[in-house]
Amino acid sequence: MKTNDMMEGYAYWREYPERDTEYVRWYPCVVGPVSEKEVWKKKPLAFYIHIPFCNNVCHCCLYNKFNTKGSLVINYIEALKKEILNYASRHYIQENEFITGYLGGGTPTALTTAQLKDLLAFMFKHLNIKKDAHITIETTPLDIDEEKASMLLEQGVNRVSIGVQSFDDDLLRNIGRIHTGEKAKQVISMLRKTGYKEIGVDLMYGLPGQTLEKWKKTIDELIALKVESVSFYFYILIPSSPLFMKVKEGKVPSIPSQEVIDELYDYAINKLLSAGYVAASTNDFGSDSGIEDKKWEDIGVKVYPLGPEGYRGVMVPTFPRTVYLTHAWYNCGELLAVGSGAYGYIKDYTYINEPDIEKYIRRCNDSELPLSMGAYVSPEERMARNMVIGIKLLKILRSDFKDRYGVDFTQVFGRQIKELEEQGLVKLTDEALEVTYPKGWSYMDNISKAFYSDLNYRMPQPSPTNTNILKFLKRKEEK
Amino acid sequence: MTNEEKTISSSSIVNVPSYWREYPERDVEYVRWYPSAVGPLSESDIWTKEPFVFYIHIPFCNNVCSSCLYNKFNTQGDLVSKYLVALKKEIVNYASRPYLKDGECISGYFGGGTPTALSTPQLEDLLTVVFQQFNMRKDASFTIETTPNEVDGEKAAMLLEHGVDRISMGVQSFDDTLLKNIGRTHTAEKARKKLAELRKAGFKHVCIDLMCGLPGQTLKQWEDTIDEFLSLKLESLSIYTYLVIPDSKLYSEIQRGSMPPPPSAEVLNEMYNIGVKKILRGGYFAVTANDFGRDPFGKGLEKWGPEVQVYNLGEEGLNAMVASTFPPTAHLNHTWYECGDLLALGSGAYGYIKDHMYLNEPNIHEYITRLESGKLPIVSGSYVSPEEKMARSMVLGTKFLKLLRKDFEKQHGVDMMQIFGEQIKTLEQRGLIEMSEDALQVTFPKGWYYMDNISKAFYTPFNYRLPQPSPMNTNILKYLKRK
C-alpha cells in the first residue's frame with residue numbers, strides 16, 4: 001500500500017525486530033522551557049589564602065610558616081596580590097563566584113591590621129565574591145585585638161577560628177605557646193562583643209604532660225564558652241625537634257600513652273555531643289544554638305542519630321556553619337588556593353603552590369602562577385576523591401553522589417563498601433553511606449583510604465615536606 | 001602489637017604516625033587531600049583553552065524543497081538583512097562572555113536552509129564577524145552547506161579566503177527526473193559543473209549529500225548516481241533516506257497518482273545496502289552508517305600517524321575508521337561523544353553549552369525581537385545530568401560504529417559495561433553489536449540496518465519513546481511532559 005509505505009518513515013519509535021528509522025541526531029529528547037540565566041549560571045568557587053607567618057612558631061606545627069620579618073612579609077603580600085590579580089584576570093575566575101573562603105596559615109592575623117585590611121580590600125575588589133560569603137580567618141589568642149577584629153568584620157570576614165589548643169597554662173607552656181588560657185577566654189569574649197556570630201575553637205589532645213584531669217577541665221571551660229564550633233587535633237611530637245630533645249632529656253613531660261590519648265578523645269566527644277553539639281566529622285563539632293534566632297528546622301538543618309546515647313550528627317550540606325567544608329569536602333568543589341605552600345583544586349587539577357617562600361615571591365614577580373606540584377583528577381579519580389574526602393563528613397547521600405557523577409556509588413565502589421560493612425565500619429542504607437558510631441569513627445582514615453585508587457594506594461598525603469618522597473616514588477614506578 | 005611499635009621510630013616518646021595501616025590496625029594519618037599521587041605541574045597544564053564548536057543556522061533558501069524538514073524561509077530582502085543583524089548580535093553576545101573568551105573553536109558549520117542563499121557580500125560580512133569574534137584554533141575546519149544553484153566561482157573564492165575550507169553540496173541525485181519530482185530546480189549537469197568550479201576555486205574538501213527513496217527512484221537509478229559520485233573523486237559523502245511529509249503537496253500528488261510513489265521498504269533497503277557496498281569498495285571509509293570519507297589529501301591514511309584506527313567490516317575492501325582517532329573527523333567526537341560544547345547560533349538552532357542542551361527561538365521574527373532587546377534567544381532545552389551525559393555518549397556515540405571503551409572511561413570514569421551492561425547484552429544477543437575488550441562495535445551489515453534501534457537502546461527511561469526534539473515537535477513534548 002502506497003500511503004502506508006510513505007507513512008512508514010514517520011513512526012518515531014519502533015522496537016526490534018522492527019527497524020527504527022527516525023534518524024537520531026540529538027539527545028536527550030526531553031526538553032522544556034530554559035532561560036539564558038539557567039544555562040549561564042555561575043559556578044560556586046571557594047578561596048583559600050595561605051599566610052605563612054607566625055609571630056611565634058610553635059614546636060608542634062607541621063605547616064609551612066615563617067617568623068614575621070618586616071621586608072619578607074611586605075614582599076610576600078605584594079607577591080600574593082600579584083597571584084590574586086593573575087587569577088582575577090582569567091575569564092574562568094571572572095565568570096564564576098566565590099561563595100566561601102578561608103584565610104589560614106601560619107597565622108593570618110600575624111599581619112598588621114593595615115596589612116590585612118589592604119589585602120582583604122584587594123581581594124574583594126578583584127575577585128567576584130558573593131555578598132554574605134562565609135569567610136573564616138584563623139588566629140591565635142595573641143594576634144587579634146578589638147581593632148583588628150572589627151576591621152575584619154567590616155571587610156567581610158564573618159567567622160574566626162582560634163587556636164586555643166588548651167586552657168591549661170602549663171600545657172601551653174610545654175608546647176611553646178606564649179599565651180595563657182585566660183587570654184584565650186578574653187579574646188573570645190572580645191570577639192563576641194565586636195559582633196562575631198561564629199567563633200570556632202581548636203583544641204589539642206596528646207600534649208606533653210596532658211592528663212585526663214587537665215583535659216576534663218579544658219573541655220568544661222570550652223563548653224561554658226558556648227562557641228559555635230569546636231575542632232580537635234591530635235598533637236604530633238616532631239622527631240629531632242627542640243621539644244623532642246627536651247622531652248628526651250626529661251625537661252618536658254612526655255606525651256600520654258596511646259590508651260590515655262584514646263581516653264582523652266572519647267571523653268571530649270562524649271561530653272560535647274551530650275552538651276548538644278552535633279558532629280560534622282570525627283574532629284569537627286557545631287553547637288546546636290539556632291542561627292539568627294531561628295530554629296534549625298526552620299533553616300533546613302538535618303540531623304541524624306549517632307549511637308544509642310541520643311548523640312547527633314549533622315548533614316553537613318544543610319548546615320550553615322560549615323559552608324566551606326561542604327564546598328571543599330562534601331561537594332569537592334573548586335578551591336582557588338593562593339599563597340606559598342597552599343593546596344588548591346581547579347579545573348579538575350589539584351595543585352600545591354611553591355612551598356619555598358623566596359621562590360614563591362620570585363615566581364609571582366615574574367608574572368607566573370607559582371604552581372609546583374599537582375595532579376589531573378580524572379572522572380574516575382573524582383569519584384574516588386569524593387568518597388575519600390566526603391566520607392570524612394560521616395554521611396554521604398547516594399542521591400548527591402549520583403547527581404554529581406551519574407552513577408550510584410555502590411556501582412563503582414561496591415566491593416570496598418561491602419568490605420567496610422563487614423568490618424562494621426560503615427552502614428549502607430537506601431539513602432546513604434554512613435560511618436558507624438563509635439567503631440567507624442576510630443577507623444576514620446582507614447575508611448577514607450579504602451576508596452583510594454590503585455595509583456594512590458599506600459601513598460602518603462601530599463605535603464610540601466614529602467613532595468620529594470612522592471617524586472621519588474613516582475620515578476620508581478615509571479621505571 | 002601496640003601502637004608505639006607501629007610508629008616510624010620505636011622510641012616511646014615519638015608519636016609520628018606511619019602513613020599507612022590496614023584494618024584492624026588503626027590508620028591515623030589524617031586524610032585531608034586526594035589524590036595523593038602528585039607530580040610536577042605547570043600553569044599550562046591547568047589553564048588550557050576549552051574547545052568548542054559552533055553551528056550557525058541560516059534559515060533561508062531560494063527554493064524551499066518539498067522534502068525538507070528544517071526550519072527555513074524564502075529569502076525576502078528585508079527579513080534576511082534583519083536576520084543577519086540579529087545573528088551578529090547573538091555572535092557578539094556569546095563572544096563577549098568570559099566562558100567563550102577562555103575557549104577555542106575547533107570546528108564550525110554553516111547550515112540551513114541554504115547558507116549560500118545569502119549574497120556574497122552578506123556572507124563575507126558574516127564570516128568576518130565570526131572570525132573576528134571567536135578564538136579559532138590553528139587547525140580548525142569550517143564547513144558550509146550549499147545547493148548546486150547557490151554557489152559560483154566568486155562566492156567559492158570568497159569563502160576560501162575567509163577560512164571556510166570544506167563545502168557540502170546537497171546534490172541528492174544525478175537524475176534530472178528524480179530531481180524534478182522532489183521540486184529541485186537544478187539539473188544533474190549543473191551539480192557536476194558546480195562541483196568542478198569548487199575544485200577550480202581551490203576547495204580541497206568537497207562533500208555531497210545523496211538521497212535514496214526518492215519518488216519514482218529505481219535501484220538502477222540509485223546505482224548510477226553512486227557510480228557518478230565515485231567518478232568525481234570527492235572527499236566525502238553522506239546518504240539520507242527521503243521522507244514524504246504527510247499532508248504535503250507531494251504526498252497528495254502521489255496519492256492522486258500524478259507522481260510516482262517512493263520505493264517500497266524492501267527496495268529502499270536494497271538501495272541502502274548496495275549503495276553502501278559500492279561506496280566502500282570505491283575506497284571510502286565508513287565514519288557512520290550514513291557518512292563516508294577518504295583521506296582529504298589523497299595521500300593515504302598512514303600519513304596521519306599510527307593512532308588512526310581503521311578496521312575491516314568482514315568483507316574484503318569494506319573498511320571503516322574510528323572517527324575519534326582521525327584528525328579531520330576528531331571534532332565530531334567532541335559533540336557526539338564527549339558532550340562537548342556546541343554553540344548554536346541562529347533561529348531554530350540546537351546547541352549544547354555548560355551541560356545544557358538548548359533550542360533557539362524557532363520563530364524568526366521573535367528571534368529577531370529577542371536579540372534586538374539584548375537577550376539570548378534560548379527558548380527551551382534541558383539540563384543534561386551526568387547520568388544523561390553517559391546515555392548521550394552512547395546514543396550519539398554508537399553512530400560512529402565503533403566506540404573505544406577507554407574513551408568512555410576517560411570521559412565518565414566508569415566502563416560502559418558497568419552502566420549499560422544490560423542494554424549491551426541485549427543488543428549483543430540480537431546480533432546488532434559486538435563487544436570486545438577494547439570496543440563496542442556495531443555489526444555489519446545487520447547492526448547498521450538497525451542503527452537507530454541501537455542508539456535508542458541507550459535512552460534513559462525518562463526519554464524512552466520520545467521523538468527527537470525539533471522546532472515542530474516541541475509542542476508535543478510540552479504536552480507529554482505535562483501529562
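Every value quoted in this text rests on a predicted model; they were computed, and no experiment measured them.
For Ala328(A), no part sits under 4.5 Å from any heavy atom of chain B, backbone or side chain. Looking at Asn283(A), only its side chain comes within 4.5 Å of chain B, counting heavy atoms on both sides. Of the two parts of Lys43(A), neither the backbone nor the side chain holds a non-hydrogen atom closer than 4.5 Å to a non-hydrogen atom of chain B. When heavy atoms are compared at a cutoff of 4.5 Å, Ile447(A) does not approach chain B at all. Proximity to chain B (any heavy atom under 4.5 Å) is restricted, for Ile389(A), to the side chain, taken from C-beta onward. Using a 4.5 Å cut-off between heavy atoms, Arg382(A) does not touch chain B at all. Residue Pro17(A) touches chain B through both its backbone and its side chain, counting heavy-atom pairs closer than 4.5 Å. Of the two parts of Leu100(B), only the side chain, counted from C-beta on, holds a non-hydrogen atom closer than 4.5 Å to a non-hydrogen atom of chain A. Contacts between Leu420(A) and chain B at a heavy-atom distance below 4.5 Å are absent for every atom of the residue. At a 4.5 Å heavy-atom cutoff, the contact between Ser448(A) and chain B is made by side-chain atoms alone. The part of Val377(A) that comes within reach of chain B is its side chain, from C-beta onward, which places non-hydrogen atoms under 4.5 angstrom from that chain. With a 4.5 angstrom heavy-atom cutoff, Asn446(A) touches chain B via backbone and side-chain atoms both.
The distance from the CD atom of Gln411(B) to the OG atom of Ser378(A) is 11.5 Å, given to the nearest 0.5 Å. If you take CE on Met373(A) and CG on Leu41(B), they are separated by 9.0 Å, rounding to the nearest 0.5 Å. Considering CG of Asp27(B) and CE of Met444(A), their distance stands at 11.0 Å, rounded to 0.5 Å. Taken from CD1 in Ile378(B) to NZ in Lys37(A), the straight-line distance is 13.5 Å, to the nearest 0.5 Å.
In the displayed structure, Glu266(B) atom CD is contacted under 6.0 Å by at most 12 heavy atoms of other residues, nucleotides or ligands. Within 6.0 Å of CG on Asp366(A) lie more than 12 heavy atoms contributed by other residues, nucleotides or ligands.
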Any chance you could lay out the salt bridge (Lys or Arg N to Asp or Glu O under 4.0 Å) test for Lys449(A) and Glu22(B), step after step, and finish with the verdict?
CA-CA 9 Å; Lys449(A) 290 181 179 182; Glu22(B) 297 284 350; over 6 Å; no
Go through it in stages, so that I can follow the logic: the residues are Asp45(B) and Lys347(A), the test is salt bridge (Lys or Arg N to Asp or Glu O under 4.0 Å), and I'd like the CA-CA distance, side-chain angles, deciding distance and then a yes or no.
CA-CA 10 Å; Asp45(B) 291 329; Lys347(A) 285 166 77 81; over 6 Å; no
Determine, step by step, whether Lys410(B) and Glu380(A) satisfy the salt bridge (Lys or Arg N to Asp or Glu O under 4.0 Å) criterion, reporting the C-alpha distance in whole Å, the side-chain angles of both residues, the deciding distance to 0.1 Å, and the verdict.
CA-CA 8 Å; Lys410(B) 198 174 135 204; Glu380(A) 188 186 349; over 6 Å; no
Where do Tyr27(A) and Trp336(B) land on the ring pair (Phe, Tyr, Trp, His ring centres under 6.0 Å) test, with the steps shown first?
CA-CA 9 Å; Tyr27(A) 187 86; Trp336(B) 286 32; over 10 Å; no
Test ring pair (Phe, Tyr, Trp, His ring centres under 6.0 Å) on Trp13(A) and Tyr459(B) and set out the steps.
CA-CA 12 Å; Trp13(A) 194 281; Tyr459(B) 278 33; 5.3 Å; yes
Under the salt bridge (Lys or Arg N to Asp or Glu O under 4.0 Å) rule, what do Arg97(B) and Glu36(A) come out as? Steps first, then yes or no, please.
CA-CA 13 Å; Arg97(B) 289 168 189 263; Glu36(A) 173 173 343; 2.9 Å; yes
Given Asp20(A) and Tyr450(B), is the side chain to side chain donor-acceptor pair (under 3.5 Å) satisfied, shown in steps?
CA-CA 7 Å; Asp20(A) 196 313; Tyr450(B) 283 105; over 6 Å; no
What's the verdict on side chain to side chain contact (heavy atoms under 4.5 Å, CB included) for Tyr443(A) and Arg21(B), showing C-alpha distance, side-chain angles and the deciding distance?
CA-CA 10 Å; Tyr443(A) 285 99; Arg21(B) 293 189 200 143; over 6 Å; no
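Here the closest heavy-atom approach between residue Pro386(B) and residue Gly406(A) is recorded as CB-N, 3.3 Å. Considering all non-hydrogen atoms of both residues, Gln468(B) and Cys29(A) come closest at NE2-SG, 3.8 Å. Between Pro28(A) and Met357(B), the closest heavy-atom pair is O-SD, 3.1 Å. The nearest pair of heavy atoms linking His412(B) to Pro379(A) is C-CB, 3.6 Å. Of all the heavy atoms in Ile46(B) and Leu371(A), the pair that sits closest is CD1-CD1, 3.9 Å. Closest non-hydrogen pair, Leu466(B) versus Val30(A), comes out as CD1-CG2, 3.0 Å.
Comparing Phe458(B), Tyr358(B), Trp47(B), Tyr383(B) by how many heavy-atom pairs each has under 4.5 Å with chain A, the most go to Trp47(B). The candidate from Asn269(B), Thr241(B), Asp415(B), Thr460(B) with the greatest count of non-hydrogen atom pairs under 4.5 Å with chain A is Thr460(B). Heavy-atom pairs under 4.5 Å with chain B peak, among Ile93(A), Asn96(A), Thr350(A), at Thr350(A). No other option in Pro35(B), Ser382(B), Ala457(B) has as many heavy-atom pairs under 4.5 Å with chain A as Pro35(B). Note: Val379(B) leads Val414(B), Thr335(B), Val379(B), Asn290(B) in heavy-atom pairs under 4.5 Å with chain A. Chain B forms the most heavy-atom pairs under 4.5 Å with one residue out of Arg404(A), Lys402(A), Glu419(A), Arg90(A), and that residue is Arg90(A). For the set Ala375(A), Ser35(A), Gly374(A), the entry with the most heavy-atom pairs within less than 4.5 Å of chain B is Gly374(A).
Ring geometry for Tyr99(B) against Trp40(A) counts as perpendicular: the plane angle is over 60°, on a 0 to 90° scale with 30° as the lower cut.
Donor-acceptor pairing under 3.5 Å is lacking for the side chains of Glu50(B) and Tyr92(A).
Ring centroids of Tyr345(A) and Trp33(B) are separated by 6.0 Å or more, keeping the two rings apart.
Tyr30(B) carries Lys392(A) over the face of its six-membered ring, with the cationic atom under 6.0 Å from the centre and within 45° of the normal. With Tyr23(A) as the aromatic partner, Lys399(B) meets the cation-pi criteria of under 6.0 angstrom to the ring centre and within 45 degrees of the ring axis.
The closest donor-acceptor contact from the side chain of Asn456(A) to the backbone of Ser36(B) lies under 3.5 Å. In this structure a side-chain-to-backbone donor-acceptor pair under 3.5 Å is missing from Arg430(B) to Tyr16(A). One N or O on the side chain of Gln461(A) and one on the backbone of Arg32(B) form a donor-acceptor pair closer than 3.5 Å.
Under the side-chain contact (heavy atoms from CB on, under 4.5 Å) rule, Lys101(B) has a single partner from His91(A), Gln94(A), Glu95(A), which is His91(A).
When side chains are defined from C-beta on, Glu43(B) does not count as touching Arg363(A), because their heavy atoms never get closer than 4.5 Å.
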